Every structure is written in C-alpha cells, then in structure tokens.
Amino acid sequence: MSSLLQAIAAILPARQVITDPLRRLAYGTDASFYRLTPEVVAVVESEAEVQALLQVARAQRRPLTFRAAGTSLSGQAVTDSVLALIGEGFASCEISPDAATVRVGPGIIGGEVNYRLAPFGRKIGPDPASINACKIGGIAANNASGMCCGTSQNSYRTLVGMRVILADGTLLDTEDAISVDSFRRTHAGLLLELEQLGAATRADTTLAARIRHKYQIKNTTGYSLNALVDFDDPIDILSHLMIGSEGTLGFIARITYQTVVEDPCKASALVFFPDIASACQAVIRLKKEPVSAVELLDRPALRSVQDKPGLPPVMRELGLDAAALLIEVRSQTPAALQLRIDAALAAIKGIATVEAPAFSTDPDICEMYWKVRKGTFPSVGAMRRTGTTVIIEDVAFPIESLAAATLDLQELLRRHGYLEGIIFGHALEGNLHFVFTQDFSAAAEVERYARFMDEVCTLVIDKYDGSLKAEHGTGRNMAPFVEKEWGRQATDLMRRIKQLFDPEQLLNPGVILNDDPHAHLLHLKPMPAAEELVDRCIECGFCEPLCPSHRLTLSPRQRIVSWRELSSRAANGESSADVEADFAYYGLDTCAGCGLCSTACPVGIDTGELTRLLRGRGMGSASHTVAKLIADHFGKVATLSRVGLSVGHAASSVLGQGLVVRLSGGSWKRGMPLAAKLPAPYRGGGDPVVYFPACGGRIFGANTPDEAALPEVVMDLLVRAGYAPRLPEGFDKLCCGQMLASKGMAEEADGMAAAVTQALLKAADNGQGGYYPVIMDASTCSVRMQKVLAGRLPLFDFHEFAHDALLPRLRLVRKSGPVALHINCSVRRSASDAKLRKVLEACVETIVEPPGVTCCGFGGDRGFVVPELNAHALRKVHDALPANCCEGVSTNRTCEIGLTAETGRPYRSIAYLLEECSREDAPMKC
Ligand SMILES: Cc1cc2nc3c(=O)[nH]c(=O)nc-3n(C[C@H](O)[C@H](O)[C@H](O)COP(=O)(O)OP(=O)(O)OC[C@H]3O[C@@H](n4cnc5c(N)ncnc54)[C@H](O)[C@@H]3O)c2cc1C
Ligand code: SF4
Ligand code: SF4
C-alpha cells in the first residue's frame with residue numbers, strides 16, 4: 001500500500017476509501033469529455049474529515065479534487081490524484097422560519113432543496129438545467145445558473161454566508177462572529193492582501209470598469225473578480241471568490257442562500273420568427289419587460305426535434321433561416337400574470353413572426369413548448385455516431401450582438417464540418433449553447449476540434465468581447481484561454497489569488513488556470529462502442545440520484561463507463577482481470593433492475609436492460625435448464641417456497657428471529673411474512689373482472705396470523721364493490737416470468753408470460769363477451785403484463801383499478817394516520833403514482849412520503865441475495881418516518897418485505913388499508 005493510501009486509511013473508515021481499480025475507473029469520469037482515473041477516492045462525511053484529508057494531501061504533497069455530483073461539463077471534477085467525494089454527511093438543509101434564507105450543505109441535490117422550499121413558495125436562485133442531479137457544492141463552486149436566474153439570482157448574488165475550509169485546514173464561518181474574529185487574527189496576512197488587492201483594483205478605474213462590464217453578462221471564465229470591486233471587507237471578498245472557484249481555493253462546507261420567490265402562475269409562448277435577426281430584436285425588447293425566461297433556438301435546433309410526436313406542425317415548414325423564442329412569464333396571481341403577458345406581447349408587436357404570437361397557461365401546452373427546448377440537446381446526443389462524444393459549449397455575447405454572433409457561430413460550425421451542430425440558449429443573458437459531436441479517437445479529429453476552438457475563442461473574444469464560459473465553469477476546457485479573455489493584468493490578479501489561497505497548488509491544479517496552451521486537448525475521454533443499448537450514453541450523471549445502488553456499488557452511469565472500458569479492452573485484446581470480477585458484483589449483482597435510471601436519462605437509457613442482457617449472457621446452459629424447470633413446474637416451486645417460509649418461521653420461533661436473520665446472511669428478513677393461502681373462487685354475482693394474484697402474494701402471505709393474505713383481501717374488496725372476480729384457470733401454477741426476466745433469461749420468461757396471457761384471455765372469454773378488466777396486484781408484474789397484453793385486454797395494476805373503479809363504489813371511513821407511502825419503481829415508471837396517492841388520501845388524513853427514497857432495492861430477489869442493496873436503498877427512510885407512523889403501504893409484496901425488515905414497521909399492500917377503511921368501524925392498528 002502506498003504511503004498516500006496508508007495515510008488516508010488512517011483517517012477515514014475503510015468503507016470511505018475506494019481503491020479498487022473498477023470503482024476508481026468509474027469515478028474517473030464526469031459529464032465532460034475529459035477522463036482521469038483517481039489514485040484513490042476518499043468519501044468525506046464531515047468537516048473534520050475534510051480537514052484531515054487536506055492535512056494528508058499537504059504532508060504527501062498530493063493534489064486533491066472535490067467532487068459533488070460530477071455533472072460538470074468542463075473537466076473540473078476529475079483527477080488522477082485524490083478525489084474527495086462529498087458524502088451524505090454534507091446533505092444538510094435548514095430553512096429559516098420565514099424561508100427567506102436556507103442553509104445547505106454541499107452534498108444535497110439542488111432539486112431537493114427546492115422540493116423542501118416549495119411549500120413556502122420559495123426556491124434557491126441558481127437554476128441549472130441539471131438541478132435534479134447536481135449538488136450545492138458544485139452549484140456554488142461553478143456559479144451555475146440556468147434559464148431564469150440570469151446574473152441577479154446566481155450563487156454569487158444570493159450568497160448570505162459560508163462555512164469554508166481553506167487548504168491549510170482552517171475553518172471560517174462567515175456567519176459566526178467568533179469564527180470571523182479568530183480568522184482575522186490567524187489569517188491577518190491573507191485578509192490584508194485581499195483587502196489591498198480589492199482596493200488596488202477599485203482604484204484602477206479602467207480595470208474596475210472592465211470587470212464590472214464583464215459581469216453584465218453571464219461569465220464563469222476564471223475567478224469571480226467582481227468580488228474585488230463589489231466588496232471592501234476581505235471576508236466578503238473571500239467568500240465571494242469561493243463562488244465559481246471550482247474547488248481550487250478551498251472547500252465550501254456550508255452555504256447560506258437568500259431564497260427567491262417561486263411564482264405559482266406561469267404562461268409560455270413559443271414564437272417562430274423568419275430569421276435570427278427578428279428573434280434577437282424581440283429579445284432586446286423583451287429584456288426590458290418582466291419576463292422570466294427567453295430561450296432562443298436556431299433552425300437546426302428546431303429541426304433536431306421537429307418530428308417528435310405532439311410538437312407544433314408548423315415547425316416542419318419553417319424556412320432555412322428561421323428561429324424561435326420560447327418565452328415564459330410568471331406571477332403571483334392570474335391577474336398579474338395577464339398584465340405581464342400583455343406587456344410581453346406589446347413589446348414584440350411589429351416584429352415579423354411566422355404566426356401570431358400567443359401565450360398559453362395550459363400546463364400541457366406549456367409542457368409541449370418546453371419539450372421542444374429540452375429535447376434539442378438529447379436529440380443530438382441520441383443521434384450521434386457511436387464512438388463520438390457530444391460537446392455542449394457555453395458562451396455569452398453582449399445581447400445587442402446576439403443575432404450577428406449566432407449567425408457567425410452557425411457559419412463556424414458549418415465551416416468546420418459540424419453539420420449536426422445546433423444552437424440554443426438563454427437569450428436574455430446573451431448566453432448561447434452550441435452542441436456538436438466530436439470523435440476524439442483520431443489525431444486528425446482532435447486537431448479539427450483544436451482549430452475550431454481557437455476560432456470560437458477569436459470570435460467570442462476578439463469580435464464580440466463575450467464570455468468563453470457563461471455558466472459551466474472554466475475547468476480544463478477553457479483554462480488555456482483565460483488570459484485571452486481577461487488579458488494579462490486581470491489574469492495575473494487571478495494567479496495572485498490562487499497563490500494566496502493555495503500556495504502549495506494542492507487544490508484541483510490545472511483547473512481554471514493552466515499555463516499549458518494545449519491543456520484542453522489532454523486527457524480526452526474515449527467513448528468506445530460497447531453495447532447498442534447504452535452507446536448513446538453521454539455520461540451526464542442525471543440517472544445517479546434515482547439509482548438504489550448509487551454510492552453502494554456503482555451508479556447507472558458508472559455501470560456504462562465500466563462496461564465501455566471492459567468492451568474496449570476486449571476489442572483490443574487487453575486483459576480485464578483487474579476489474580472483471582468486481583464488475584460481476586458492483587455492476588451486475590447489485591443492480592436492482594428497477595429501470596428508474598431511464599426516467600431521468602435525457603437519451604432514454606434503461607441501464608437495467610444492460611444488466612439483464614449481461615446477466616443472461618453470463619448464464620451457462622445449466623442455469624437455463626433450471627430456469628426451464630422452474631417455468632414448467634411453477635406451481636411446485638410456489639408450494640415449496642411456502643413450505644420454506646413455514647420452516648423459517650418454525651426456526652425463528654425456536655432460535656429467535658435475530659439469529660435466523662444472521663444465519664441466513666440476511667436472506668431471512670425481520671418481520672418475514674407468513675406463508676400465504678390461496679384464495680377460494682368466488683361464485684356469486686356482480687360485474688365480471690379477471691383477477692390474477694401475482695406469485696409474490698401467493699407465496700408471501702400476511703404479516704401477522706390475524707391478517708388475511710393479499711389475494712383474499714383483494715377478492716373481498718372486489719366483491720364488496722359489486723364485482724364478480726374470476727380467477728384464471730390454473731392461476732396457482734402460473735407466473736408472469738418477471739423473476740426470470742430480471743436474471744436475463746428472456747426466453748424462459750417470455751414463455752411464462754405467454755402461458756399467463758392464455759389463461760387471462762380464457763378467463764376474459766377472449767375479450768369477446770364484453771368488458772373484462774384484468775387486475776393484478778404486484779406493480780412490477782402488472783407493468784410487465786400490461787406490455788404483453790397491450791391491445792388485447794385492459795390490464796390494471798390494483799391501485800389503478802382501485803382509483804378508477806373501486807373508490808366510486810366504496811364508502812370509506814378515513815383514518816387519521818400517519819401512514820408511510822412507498823412508491824416503488826414500477827409505479828414511478830408507469831406514472832401511476834398520482835392514482836396511488838389519491839387512493840391513499842381517500843383512506844388516511846396524514847401521509848408520510850420519505851424524500852430521497854426512490855426504489856427500495858429489493859428488485860424481486862435482490863433483497864434476499866444482496867441484502868445490503870435493500871439496506872442502502874432505504875437508508876433515508878428511517879429518519880423520515882415519525883415515531884407515531886406505525887405502518888406503511890406499497891404495491892409490491894417483495895418491496896413490502898424489504899421495507900418491513902428495514903423500518904421495523906409493517907408494510908402492506910394499499911389493498912389492506914382500502915379494505916379496512918371500507919368496513920364501517922375499522923380502528924387504526926398501531
Ligand atoms: C446535461 C447537462 C446540463 C447542464 N446544464 C447546466 C446549466 O443549465 N447551467 C449550469 O450552470 N450548468 C449546467 N450543467 C453543468 C453542471 O451540471 C453544473 O455546473 C453543476 O452545478 C455542477 O454540480 P455538481 O454537483 O455536479 O458538481 P461537480 O461536477 O461535482 O463539481 C463541480 C466543481 O465544483 C467543485 N466542488 C464541488 N463541491 C465543492 C465544495 N464543496 N467546495 C469546493 N469545491 C467544490 C469541484 O471540485 C468541481 O470543480 C449541466 C450539465 C449537464 C450534464
Ligand atoms: S445513462 Fe443516461 S442519464 Fe445516465 S449518464 Fe448516461 S446519458 Fe446520462
Ligand atoms: S436499473 Fe435501477 S439499480 Fe440498475 S442501474 Fe438503473 S436505477 Fe440503478
């Protein structure tokens with residue numbers, strides 16, 4: 001073990017030190033097109049750990065790079081040295097009583113802060129498009145911004161205070177007078193220099209004017225020099241310099257933001273113009289109006305999405321030079337909103353448009369307009385040639401030059417052969433993103449990129465005096481061009497600042513300032529073809545927060561990164577011995593197959609499909625024989641499973657539950673259900689429905705002996721609501737095959753689904769005798785069979801049917817609650833969560849939905865096989881459930897088993913609660 005690793009192992013618990021080649025490789029990527037493999041990944045959970053790690057870095061003379069969510073686009077979150085990964089210990093969020101400010105740790109996702117602020121009608125100012133994935137540390141350290149925040153609501157402008165740890169390990173809390181006093185004493189030299197730098201800069205009126213001018217538009221090139229002209233107290237200068245410093249000046253341990261109002265009333269207009277000039281003329285006029293966002297899209301950007309379903313047909317008929325503006329206005333009341341709409345329309349009156357401009361307040365129409373804007377970047381990503389990378393650049397021009405600059409950029413893209421290139425951006429701020437695809441595998445292609453970037457810099461700086469990076473941060477990508485943009489004097493100021501804060505060059509060296517003029521062409525990320533299912537992945541990291549195995553083993557992005565590496569090595573005949581075995585566990589075994597990653601992925605990738613494919617490939621013929629046996633004799637398998645459960649309970653009663661849990665390696669769960677009983681057929685009258693009890697509820701019965709098993713409960717409910725449930729013939733021997741599908745045994749699984757289909761069709765008289773809805777009671781299986789039966793029979797997950805057909809027929813007595821709700825991955829993916837909430841709301845007054853919990857990680861059998869996945873996925877539930885919350889509901893029996901075991905509270909199907917509440921006199925159990 002190297003002395004660096006020894007030193008880190010001495011200060012951090014083993015689980016926080018990642019040294020295996022596979023995960024180091026996986027952490028070697030962020031959303032940019034650079035890649036560096038860290039020597040070690042050290043997860044930091046507290047300020048003390050950050051201080052200790054900094055001390056190790058100093059003693060070992062090894063650079064250190066902080067990483068929040070790793071969604072950066074300019075290469076500032078990768079290193080080949082120590083990667084300090086910000087852990088959940090930094091995910092704090094404290095809202096002031098009036099919600100005017102919020103104190104947040106660097107490890108909390110921006111979207112989660114907004115979720116917590118939403119009930120107060122507030123949000124944080126910075127609004128990057130990546131807000132549901134990126135974290136406060138990265139938002140502040142990149143000074144990220146987005147469509148609405150402009151230059152007035154970014155981190156720099158809304159900063160109230162900060163806890164910061166400097167490279168020497170000193171902690172400064174700018175909101176704590178004692179800390180500030182102490183810091184003024186211990187760091188008098190640093191503060192004096194900052195004060196003098198500020199005074200000298202302000203005294204140099206030309207430089208000061210230049211700096212002020214540069215920040216009239218968005219700018220994240222270099223350090224936030226405006227701190228030197230906006231403030232004279234060196235503590236203020238210091239904290240504002242930290243904004244946008246990309247981890248090169250110190251560690252932001254906490255930040256207090258002034259929050260901003262989140263207007264409830266919104267309206268959008270998608271206005272098409274015959275040419276860029278007309279669109280940009282409208283932008284200049286709209287800049288003076290109270291509009292919250294104006295997004296510009298050039299013709300290639302519109303073309304990239306125009307064929308998607310549901311978009312305005314006029315898009316396909318636009319001329320070659322056309323452009324569009326997506327305009328949004330917001331307000332507190334509908335009346336005030338109308339005034340703003342009128343003002344915006346009046347402002348652009350007289351400017352040539354393709355159709356008369358009109359605003360809509362209809363959420364569906366607004367969503368369709370925003371689909372146009374949000375679909376552009378992914379569409380280029382999705383259409384790119386395998387092996388190429390998608391690059392999104394981020395420049396800003398003075399708004400008066402926007403039209404000419406856009407035309408120049410279009411010409412530049414064409415001239416360099418980037419024919420797929422598109423341009424869109426936040427027009428009010430003169431901020432344009434241009435997206436193109438690039439192959440970095442050939443030297444000639446790298447040279448083409450280098451020539452193109454040189455010309456981009458000349459255009460942006462020499463012709464328009466714009467910003468080379470408006471929002472995404474300088475990183476490695478623009479570091480060689482900082483001096484070109486800012487000039488010698490201002491860049492020397494930046495060098496002086498870096499030297500003051502980090503004299504030993506320990507913090508993220510090479511980022512923001514880099515003397516190598518070719519630094520932007522080094523460490524380019526390979527994007528080798530791996531598997532068609534995932535080749536479109538742009539490694540953005542949007543999928544990570546939803547993944548139950550993220551930060552336990554690998555995230556979806558990291559699975560793809562790893563598989564790309566393994567595939568590339570295989571193609572080149574290189575050995576993968578160092579990572580292959582680990583991939584089996586980190587990559588495959590601990591993927592729950594939940595598919596939640598696909599719901600956040602801009603290019604629609606379900607990494608679970610990759611997992612299933614690879615699991616299937618890894619199966620030998622013996623496994624397929626066993627699978628076939630299971631498929632052919634499922635009735636016996638279910639019976640054996642029920643016997644196993646009874647034996648387990650017998651053992652528990654003798655040995656104690658804890659011991660059986662331990663002896664089984666976690667496979668036997670705390671609160672394991674009893675063996676289920678099969679439901680008896682119903683022979684009475686009523687409206688016909690077909691009910692197929694999924695095998696989970698036929699094997700795993702009730703939580704306690706005095707409860708009925710799920711199929712009996714569902715049957716009772718259906719009958720109570722006037723239905724006559726039909727059980728398909730031989731249902732007890734059938735299974736939809738989901739279990740085998742998740743193991744990659746698609747063929748055997750499809751055979752099982754086909755048998756279920758036949759039984760359902762028969763029970764429903766082949767759909768000939770009238771309307772026969774089919775109901776299933778396990779969401780994962782329902783979603784699978786919905787796909788199989790599409791167009792043949794209407795199949796409802798139980799809660800969907802309960803919402804549509806049972807609620808109107810049942811008389812419910814609401815309980816007080818609270819009851820915990822777990823919305824599992826299948827419900828999320830089928831977007832039926834609103835119905836589930838409505839059914840629960842009809843049953844209880846208080847519902848607790850723990851934030852930050854997505855999939856429970858049980859994944860069919862994963863909870864039995866790799867119980868650590870279930871425990872990790874549910875780690876946030878414990879603290880979120882109040883003590884008086886004594887039960888929970890969900891819609892999948894295996895999820896409920898894992899939730900019961902992890903929380904110590906019984907989780908059951910929503911059917912149980914509905915059944916209890918539709919009895920006349922049901923008291924709440926606790
Ligand atoms: C598809 C896509 C769209 C995007 N859209 C936008 C957009 O609209 N606007 C925008 O501004 N950006 C955008 N980004 C870029 C990126 O998501 C943001 O800049 C984001 O704020 C980065 O946050 P992060 O948590 O991923 O930080 P990371 O990438 O992990 O880190 C960013 C930088 O901050 C440093 N850092 C992190 N935490 C700390 C800390 N506690 N103390 C000191 N330094 C720290 C890191 O060292 C690194 O230099 C987009 C990215 C993608 C992939
Ligand atoms: S799978 Fe999708 S969301 Fe995840 S990193 Fe790749 S492109 Fe981004
Ligand atoms: S399928 Fe689920 S567990 Fe697997 S990578 Fe996607 S989100 Fe993670």
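Note that the structure is a prediction, hence the values are computed from the model and not measured. Start at 1 and go down the list; that is how both ligands and their atoms are numbered.
Taking the ring pair (Phe, Tyr, Trp, His ring centres under 6.0 Å) definition, one finds that F858 meets it with F864, sequence neighbours left out.
Every heavy atom of D30 sits 4.0 Å or more from the atoms of ligand 1. Proximity of G70 to ligand 1 is established by a heavy-atom distance of less than 4.0 Å. At a 4.0 Å cut-off, not a single heavy atom of F90 sits close enough to ligand 1 to count as contact.
Ion pairing between a basic and an acidic side chain is recognised when a charged N comes within 4.0 Å of a carboxylate O; K743 and D861 show such pairing.
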Query raised in the report: For S379 and S304, what are the C-alpha separation, side-chain angles and deciding distance, and is it a side chain to side chain donor-acceptor pair (under 3.5 Å)?
Result: CA-CA 6 Å; S379 69; S304 74; 3.1 Å; yes
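Residue contacts with ligand 1 for N508 involve side-chain atoms from C-beta outward but no N, CA, C or O (heavy atoms, distance under 4.0 Å). Of the heavy atoms in V511, none comes closer than 4.0 Å to ligand 1. For P128, heavy-atom contacts with ligand 1 shorter than 4.0 Å involve the backbone as well as the side chain.
With ring centers used as reference points, H433 lies under 6.0 Å from H426.
Protein residues having a heavy atom under 4.0 Å from any atom of ligand 3 are C547, P548, P556, R559, C591, A592, G593, C594, G595, C597, T607, G608, listed by chain and number.
Residue F251 is tested with L171, L166, I86 for a side chain to side chain contact (heavy atoms under 4.5 Å, CB included); the sole match is I86.
Side-chain N/O atoms of T29 and E539 include a donor and acceptor closer than 3.5 Å.
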